[in-house]
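What's counted below: heavy atoms across the whole structure, side chains too, no hydrogens, waters or symmetry copies.
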Amino acid sequence: MSGRLAGGTGRRLAVPASVGVIGLALLGIGQSVVNRHAIQDDLTTRSTKALKSADLTGLSVSFAGRDATITGAGTAELAQQAIAVVSMVDGVDVARASLAGTTQTGSAPTETAAPAETPPATETSALAEPATPATTEATLVLPVGFTLADGTIKVTGTVGSKSAQINLIDAVKATGKGWKVVDRLNVADSVTAPEPKPSRLSDVTKLLAQAPVSGPKLVIQYNKGSVILRGTPADAAAERALLGAAAATVDSTAAVVDGLDTAGAG
């Protein structure tokens, strides 16, 4: 009799134990979904802000995980500029654009960019005609940019010649401080007016020497007629120093876009 009672008790206990395990698993899945949505919302907010700071309006950004899709209307050049801006937002893995009025989209991975000898290529847009393969592949010309984080200066973008690539990387290395320099530049002969200009390379060195900042990442990106800064300087004085140094790297007619958030500011 006692054996049957023990067996019955064991069976009765097994049911709530199983329910508990299933409940914990469901809670874990639910929490994962909540976290993913929170990350996507944060990336969307910061990417939208980055586009606005670069004066790229009329565009929307959505995320699947950490992969960004930029939509709206515009030219292929606008698509490339938007990709360059969003791809440098902290946490974004890949940025693509599908703009009405263009025949192709671009893709630019941030932390996993291809080496310089294998430039990223665009991919066919849903708006493109599948019977025109000549427009489905093209070199994506990205503006020059610098990403400073964790003792590393990553150099991305496109320059017009191998010598321009060497000179720019030499200017970055002259920053010193023992920072590691990662060269992700592409070379394209079609680029005739790269930014920053060769005459401004010494000023680029001085700008990069303003780092490190107290945030997780400082991004400096050159676009046609502007230089954009994003990150978190330690204080207002550090912010002013960065903006002043950035202004010296471009012509007086170029815009210096302040996307910096001072640490501790409300």
Which heavy atom of [X] sits nearest to which heavy atom of [Y], and what is that distance?
X: Ala248; Y: Arg200; value: O-NH1, 3.2 Å
X: Val89; Y: Arg230; value: N-NH2, 3.9 Å
X: Ala254; Y: Ser226; value: CB-N, 4.3 Å
X: Pro143; Y: Tyr222; value: CB-O, 2.5 Å

Inset, instruction - Take Asp261 and Arg46 through the test salt bridge (charged side-chain N to carboxylate O under 4.0 Å, His left out) and record every step on the way to the result. - result: CA-CA 12 Å; Asp261 296 311; Arg46 291 191 289 112; over 6 Å; no
Separation between [atom1] of [X] and [atom2] of [Y], rounded to the nearest 0.5 Å:
X: Ile169; Y: Arg184; atom1: CD1; atom2: CZ; answer: 11.0 Å
X: Gln221; Y: Thr156; atom1: CD; atom2: OG1; answer: 7.0 Å
X: Thr158; Y: Gln165; atom1: OG1; atom2: CD; answer: 10.5 Å
X: Ile220; Y: Leu229; atom1: CD1; atom2: CG; answer: 5.0 Å
X: His37; Y: Thr44; atom1: NE2; atom2: OG1; answer: 11.0 Å
X: Arg96; Y: Ile83; atom1: CZ; atom2: CD1; answer: 9.5 Å

Donor-acceptor pair, [X] side chain versus [Y] backbone, under 3.5 Å?
X: Asp183; Y: Leu185; result: yes
X: Thr249; Y: Ala246; result: yes
X: Asn167; Y: Ser163; result: yes
X: Asp251; Y: Thr253; result: no

Inset, instruction - Using a 4.5 Å cut-off on heavy atoms from C-beta on, say whether the side chain of Asp203 contacts that of Lys206. - result: yes
Inset, instruction - Assess whether side chain to side chain contact (heavy atoms under 4.5 Å, CB included) is satisfied between Leu207 and Phe146, documenting all intermediate values. - result: CA-CA 11 Å; Leu207 169 59; Phe146 306 102; 5.8 Å; no
Inset, instruction - Might you work through the side chain to side chain contact (heavy atoms under 4.5 Å, CB included) test for Thr205 and Leu201, ending with a clear yes or no? - result: CA-CA 6 Å; Thr205 301; Leu201 292 183; 5.8 Å; no
Inset, instruction - Using the rule that two of Ile, Leu, Val, Met, Phe, Trp, Tyr join whenever any of their side-chain heavy atoms come within less than 4.5 Å, decide whether Ile39 and Val86 are in one cluster. - result: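 Linked within one cluster.
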Legend entry - Cluster link Val182 to Leu168, ILVMFWY, side chain under 4.5 Å: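 As far as the 4.5 Å side-chain criterion goes, Leu168 and Val182 are not connected within one cluster.
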For residues 56-73, dump all side-chain donor-acceptor pairs below 3.5 Å to protein atoms at least two apart in sequence or in another chain.
| residue | atom | partner | partner atom | Å |
| --- | --- | --- | --- | --- |
| Arg66 | NH1 | Gly91 | O | 3.1 |

